[in-house]
Amino acid sequence: MNLESLKSEIETNIPGCRLEIIPNPSPSAQHSLLVDPEHAMAISIFLRDSEPYRLDYCSNVTGIDWPPSAAPHNVKLKEMDDGGEQDAEAEQAQPTGYLEAVYHLYSMEKKHGPVILRMRTEDRATRVHLPSLTPVWRSADFQEREIFDLFGIIFDGHPDLRRILMWEEFEDYPMRRDYVEPDDYEYEPTAHDEVLRKTMHHYSGNA
Amino acid sequence: MTTTIPLPPSASLTSTPLPDGGESQLLEVSMGPQHPSTHGVFRMDVALDGEEVVKLKPIFGYLHRNHEKIAENETYLGSMPYTDRLDYFCSLTNNWAYALAVEKLAGIQVPERAEYLRVITAELTRLQNHASLVGFLMQDMGASGTPLMYAFREREKILDLFEALTGARMMCNYMRFGGCRVDLPAGWLEQAKQVVEAFPRFLDEFEQLLTSNEILMARTQGVGVLSKELAVNAGITGPMLRATGVNYDLRKVDKYGIYDRFAFRIPLGDHGDVYDRYMIRLLEMRESVGILQQAMRDLPDGPFTDPKTKVRNFRPKPGEAYGRIEAPKGELGFYLISDGSPNPYRYRVRPPSLINLTILEDMCLGRNVADVVIILGSVDIVMGEVDR
């Protein structure tokens with residue numbers, strides 16, 4: 001499927017949306033489409049329901065963490081420039097890095113794909129909201145929960161956004177690049193803490 | 001610590017008003033994680049009205065070890081043995097899915113003999129997975145022992161083949177980028193042919209024992225019905241999807257490897273219930289036997305791995321790739337991003353077991369609690385893959 005024609009098709013049908021083709025230099029040549037979060041829902045419904053595409057099957061949903069040091073924009077500019085100025089500009093453009101959600105879409109009816117959609121948050125700290133595409137494809141349900149759990153992207157409109165793999169009381173996001181594993185993460189308060197404390201007291205020899 | 005945390009109740013009652021002004025009590029049961037029918041450490045929060053299920057929320061994470069994070073700190077090849085531990089019943093198809101994604105990422109060509117070896121090992125994996133799954137399903141249904149032991153007897157013959165070829169029964173670690181790790185040992189092919197030739201006899205025996213069994217029919221027909229539309233929308237893959245009648249098998253759609261060279265059919269169901277899923281698996285085993293016979297007949301000579309692919313210091317160029325195969329449980333995909341360093345920047349497993357559980361609640365609502373066990377058994381999950 002030609003991504004250029006898909007892009008212009010979406011642009012004519014959904015006015016005001018901002019799309020960008022993200023090239024993929026690897027031999028797989030699976031290029032992707034960067035979608036702006038405001039129009040993501042409309043674009044998804046269009047892709048799912050319009051006749052030539054019918055992308056009815058959302059196979060894979062995942063998150064990627066791009067801290068400022070690793071964000072691909074910066075890397076590209078650094079390769080191109082020959083002075084320090086452009087480099088500094090690039091740092092200014094994305095000083096905070098961002099989180100990215102990636103959707104791999106296929107069509108079970110037409111047997112084609114993949115069309116890859118990407119959405120980016122504004123930064124990695126507080127503005128981490130993206131629209132949930134679970135109302136369009138239910139297969140995103142557990143996978144978006146997993147991204148929320150491990151990367152910390154908040155999906156607005158998700159019917160049941162809870163932690164899925166980590167426990168409810170857990171606070172950090174383990175798949176972030178800068179995550180530091182705590183040395184006591186196995187610790188969880190249990191009903192028998194008091195018993196264990198008494199046991200330790202008993203072993204210490206103090207009556 | 002001064003505050004005491006109360007013990008969580010394993011079952012509790014909540015009152016709900018009835019329309020006629022009376023009061024009904026919902027029984028909330030925590031099914032699992034040590035329940036024998038949950039196929040590993042998996043828990044369901046079930047609310048029951050009498051025997052009827054009115055709510056069911058799956059709880060995961062008991063086996064979570066953040067496989068993806070570990071793989072990001074490991075070389076590409078270093079993750080290969082770890083993929084065995086995802087779905088520990090089907091290590092060879094896990095290997096293949098990962099190898100396929102890396103080959104897409106780096107543009108590696110696989111020699112013909114290696115492709116055949118991959119098909120042979122993957123289809124043997126499908127045979128033993130489906131056979132034991134049907135056995136487990138019968139076990140869940142109360143057919144204690146016999147069908148499961150029949151299935152395990154056959155599975156053991158296939159695992160012997162795996163052991164002779166790879167050195168391990170279950171954790172095979174056999175595929176490499178651009179081929180396989182070792183060639184077939186002497187006499188292996190003859191032994192494998194014998195096992196495959198004898199397999200249809202086991203299937204006949206199995207079918208005679210089960211297919212028209214009255215209890216099996218009564219307990220599975222019309223139970224756990226899944227509609228076509230919901231299955232597609234919820235991303236269900238594998239035998240679960242095909243039991244609803246959707247013709248989507250990646251061996252036919254993507255034709256990865258050399259699957260376009262074999263003649264085989266895709267069995268489809270009509271009702272999308274547990275019985276259809278059982279039948280689809282039996283029929284798929286018969287088709288796999290056919291593929292195996294063709295592949296073992298046509299197996300060419302030649303190299304079993306691509307000699308140009310580096311084993312040490314393997315660094316794919318920056319880029320990304322998503323590779324997927326038809327694993328016995330559904331679509332198993334690997335999504336990799338390379339930044340040019342020896343380890344992947346991002347490594348993602350698309351687990352069919354997890355995503356097939358999306359509709360567990362939809363299938364169980366309104367059914368008896370005893371049916372939950374059967375419906376879950378027919379989904380075919382392995383917690384190593386669900387939790388990663």
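Lettering follows sequence order; numbering is per chain, from 1.
- Salt-bridge formation is detected for the pair A:Glu51/A:Lys110: a Lys NZ or Arg NE/NH1/NH2 atom is positioned less than 4.0 Å from an Asp or Glu carboxylate oxygen.
- Neither the backbone nor the side chain of A:Asp149 comes within less than 4.5 Å of any heavy atom in chain B.
- For a residue to count as touching a neighbouring chain, one of its non-hydrogen atoms must lie under 4.5 Å from one of that chain's; by this rule B:Thr237 touches chain A with the side chain only.
- By the neighbour-count criterion of 12 heavy atoms within 6.0 Å, atom CZ of B:Arg265 is sparsely surrounded, having that number or fewer from other residues, nucleotides or ligands.
- Heavy atoms closer than 4.5 Å to chain A are found nowhere in B:Glu103, neither backbone nor side chain.
- B:Asp380 has a carboxylate O that lies under 4.0 Å from a charged side-chain N of B:Lys329, or vice versa, which qualifies the two as a salt bridge.
- Contacts between A:Asn24 and chain B at a heavy-atom distance below 4.5 Å involve the side chain alone, from C-beta outward.
- Looking at B:Ile236, the atoms closer than 4.5 Å to chain A (heavy atoms on both sides) all sit in the backbone: N, CA, C or O.
- Side chains of B:Gln109 and B:Lys308 form no contact here, defined as non-hydrogen atoms less than 4.5 Å apart.
- For B:Val232, the parts lying under 4.5 angstrom from a heavy atom of chain A are both the backbone and the side chain.
- A salt bridge does not link A:Lys7 with A:Glu4: none of the charged nitrogens is closer than 4.0 Å to a carboxylate oxygen.
- With a 4.5 Å cut-off on non-hydrogen atoms, B:Asp249 does not touch chain A at all.
- Between A:Glu146 and B:Arg348 there is a salt bridge, since a side-chain N of the basic residue sits under 4.0 Å from a carboxylate O of the acidic one.
- Relative to the ring axis of A:Tyr106, A:Lys111 does not place its NZ or CZ within 45° and under 6.0 Å from the centre.
- Note that A:Arg177 lies in the cation-pi zone of B:Tyr345, set by a 6.0 Å cut-off to the ring centre and a 45° limit from the axis.
- Of the atoms belonging to B:Leu105, heavy atoms from both backbone and side chain fall under 4.5 Å from chain A.
- For the set B:Val246, B:Ile337, B:Ile59, the count of heavy-atom pairs under 4.5 angstrom toward chain A peaks at B:Ile337.
- Contacts of B:Leu63 with chain A are absent, with no heavy-atom separation under 4.5 Å from either backbone or side chain.
- When atom types are taken as modelled, the side chain of B:Arg388 and the backbone of B:Leu86 share no donor-acceptor pair closer than 3.5 angstrom.
- Only the backbone of B:Ala106 comes within contact range of chain A, judged by heavy atoms closer than 4.5 Å.
- Heavy-atom distances place no part of A:Glu109 under 4.5 Å from chain B, backbone and side chain included.
- For B:Asp387, the parts lying near chain A are the backbone and the side chain together; criterion is any non-hydrogen pair under 4.5 Å.
- The aromatic rings of A:His104 and B:Tyr335 lie perpendicular to each other, with more than 60° between the two planes, well past the 30° mark.
- The candidate with the highest count of non-hydrogen atom pairs below 4.5 Å against chain B, out of A:Ser28, A:Ser32, A:Pro25, is A:Ser28.
- For the set B:Arg346, B:Glu68, B:His64, the count of heavy-atom pairs under 4.5 angstrom toward chain A peaks at B:Arg346.
- Of the two parts of B:Lys252, neither the backbone nor the side chain holds a non-hydrogen atom closer than 4.5 Å to a non-hydrogen atom of chain A.
- Contacts between A:Val102 and chain B at a heavy-atom distance below 4.5 Å involve the side chain alone, from C-beta outward.
- Residues A:Arg118 and B:Glu320 are paired through a salt bridge, judged by an N-O separation under 4.0 Å between the basic side chain and the carboxylate.
- Both the backbone and the side chain of A:Asn60 come within less than 4.5 Å of a heavy atom in chain B.
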